[in-house]
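Counting starts at 1 for both ligands and their atoms, following the listed order.
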Amino acid sequence: MLVTGLEILKKAREEGYGVGAFNTNNMEITQAILEASEEEKSPVILAFSEGALKYGGEYLVSMALEMAKRVRIPVALHLDHGSSYQAVLKALRLGFTSVMIDKSGEDFETNVRETKRVVEAAHALGVSVEAEIGKLAGVEEHVAVDEKDALLTNPREAQIFAEKTGIDYLAVAIGTSHGPYKGKGRPFIDHQRLKKIAALLPGMPLVLHGASGVPKELVEKINQYGGRIEGAQGIHPDDIRQAIQEGISKINTDTDLRLAFTGAVREVLATDPKVYDPRKILGPAREAMKRVVKERIRLFGSAGRA
Ligand code: G3H
Ligand code: 13P
Ligand code: ZN
């Protein structure tokens, strides 16, 4: 059933588990996410970037809405990294139940002003809002404190930002970054910073972007069948577990699904030269993504919470 993002995340924050926000671009990805979540009896957030909406159009959303209404788990349809008020309004018109406005690249006052505008519109329709403060960048453990401070979320600023805007959940920059290349050294989560933010915002669900684990076996499969993904690394499962205990409730995953998809497609094409039926190419990719979603759900502790 379709519910708001806040309904899912409030419970997760109170009970101390995480919920996955998985990005979709097409039917197979949406099916993989919803089927895996339903089999694990887990609530889930189905995320669409503006790029996904451009690629899949309104049909991608109608299909997801239809599927979301039929599954027996709570599902929120979420706009990921909405770049403008207009993009958010479009998502609201399409029936999204959660929207992100991302003005983290602007100065603090602009971020507050633009986010507040979105909160007013979305809340009038009962839709929950995520916003971000700080800059997503792979930061290494040994980087100097002032260099970290310039990029990562300032706890006091986060508190003021949440109070001024009335957002429902907050994306924080604590060292992770998007994609399969998360910095040069071992990817690092600034747990001290996260704990400070959570202490200043009691009860507020926090969001971790760039959270993919980039499992070695997924990368190896791609490379085994002709791909070239070098130097890829992600966030360690132990870091994710700890971050959830410290206040992270929404965990965004896109890259791991992309890697699983690509590896499976490459394997079929490389091992079965006669294959030309799209279902025989995309079916295994859907299964591979399902396995990733299930593994993530178990890591986040949301299995059986639906
Ligand atoms: O955070 C970004 C997501 O991974 C979506 O990426 O804009 O390429 O669809 P995208
Ligand atoms: P990954 O690239 O680590 O999967 O992060 C995805 C994300 O943050 C989507 O908003
Ligand atoms: Zn993101």
Pick whichever of D254, L136, L53 has a heavy atom sitting closest to atom 4 (O) of ligand 1.
->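 Checking each option, the heavy atom nearest atom 4 (O) of ligand 1 is found in D254.
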Looking only at protein heavy atoms, identify the closest one to [atom] and say how far it is in Å.
atom: atom 9 (C) of ligand 2; result: D80 OD2, 3.2 Å
atom: atom 3 (O) of ligand 2; result: K182 NZ, 2.7 Å
atom: atom 2 (O) of ligand 2; result: T255 OG1, 2.6 Å
atom: atom 8 (O) of ligand 2; result: G210 N, 2.8 Å
atom: atom 9 (O) of ligand 1; result: S49 OG, 2.6 Å

Is there a chain of hydrophobic side chains (I, L, V, M, F, W, Y, each step under 4.5 Å between heavy atoms) that links M289 to Y225?
->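 Per the 4.5 Å side-chain linkage, M289 and Y225 are not co-clustered.
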Is N111 reaching over with its side chain to a backbone N or O of E132, donor-acceptor style, under 3.5 angstrom?
->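 It does hold such a pair.
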Would you say the side-chain atoms of T97 pair up with the backbone N or O of V3, donor to acceptor, closer than 3.5 Å?
->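 Such a contact is found between T97 side chain and V3 backbone.
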Number the atoms of ligand 2 from 1 as they appear, then name those within less than 4.0 Å of a heavy atom of [X], with their elements.
X: S212; value: 1 (P), 3 (O), 4 (O)
X: H178; value: 2 (O), 5 (O), 6 (C), 7 (C), 8 (O), 10 (O)
X: H81; value: 10 (O)
X: G179; value: 2 (O)
X: T253; value: 4 (O)
X: H209; value: 8 (O), 10 (O)

Among side-chain atoms of [X] and [Y], is any donor-acceptor pair under 3.5 angstrom?
X: Y169; Y: S98; value: yes
X: E130; Y: H81; value: no
X: D239; Y: H191; value: yes
X: H123; Y: D168; value: yes
X: N252; Y: K250; value: yes
X: N23; Y: D80; value: yes
X: T110; Y: D107; value: yes
X: T165; Y: T115; value: no

Between E7, E14, E15, which is the residue that forms a salt bridge (charged side-chain N to carboxylate O under 4.0 Å, His left out) with K11?
->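 Of E7, E14, E15, salt bridge (charged side-chain N to carboxylate O under 4.0 Å, His left out) with K11 is met by E15 alone.
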Using the salt bridge (charged side-chain N to carboxylate O under 4.0 Å, His left out) rule, pick out the option among R72, K294, R298, R291 that qualifies with E39.
->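 One option only clears the test, and that one is K294.
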N23 heavy atoms, cut-off 4.0 Å: which ligand 1 atoms fall inside?
->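 Every atom of ligand 1 under 4.0 Å from some heavy atom of N23: 3 (C), 5 (C).
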Numbering as shown, the atoms of ligand 1 that approach H178 to under 4.0 Å (heavy-atom distance) =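 Near H178, the atoms of ligand 1 are 1 (O).
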When you look for heavy atoms under 4.0 Å from ligand 2, do you find them on the side chain of A47, its backbone, both, or neither?
->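 For A47, there is no contact with ligand 2 at all, from either part.
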Could you see which bit of N23 sits under 4.0 Å from ligand 2, with heavy atoms only: side chain, backbone, both or neither?
->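 For N23, the contact with ligand 2 is made by the side chain alone.
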Does only the side chain of [X] get under 4.0 Å from ligand 1, or the backbone, or both, or neither? Count heavy atoms.
X: H209; result: neither
X: T255; result: neither
X: R258; result: side chain

Considering only N, O or S atoms of H209, the one closest to the Zn ion (ligand 3) |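 Minimum-distance N/O/S atom of H209 relative to the Zn ion (ligand 3) is ND1.
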If you stand at the Zn ion (ligand 3) and look out to NE2 of H81 and NE2 of H178, what angle do those two lines make, to 10°?
->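 The NE2/NE2 angle about the Zn ion (ligand 3) sits at 100°.
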R258: heavy atom below 4.0 Å from ligand 2, yes or no?
->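 No, that is not the case, since the closest heavy atom of the residue is not under 4.0 Å from the ligand.
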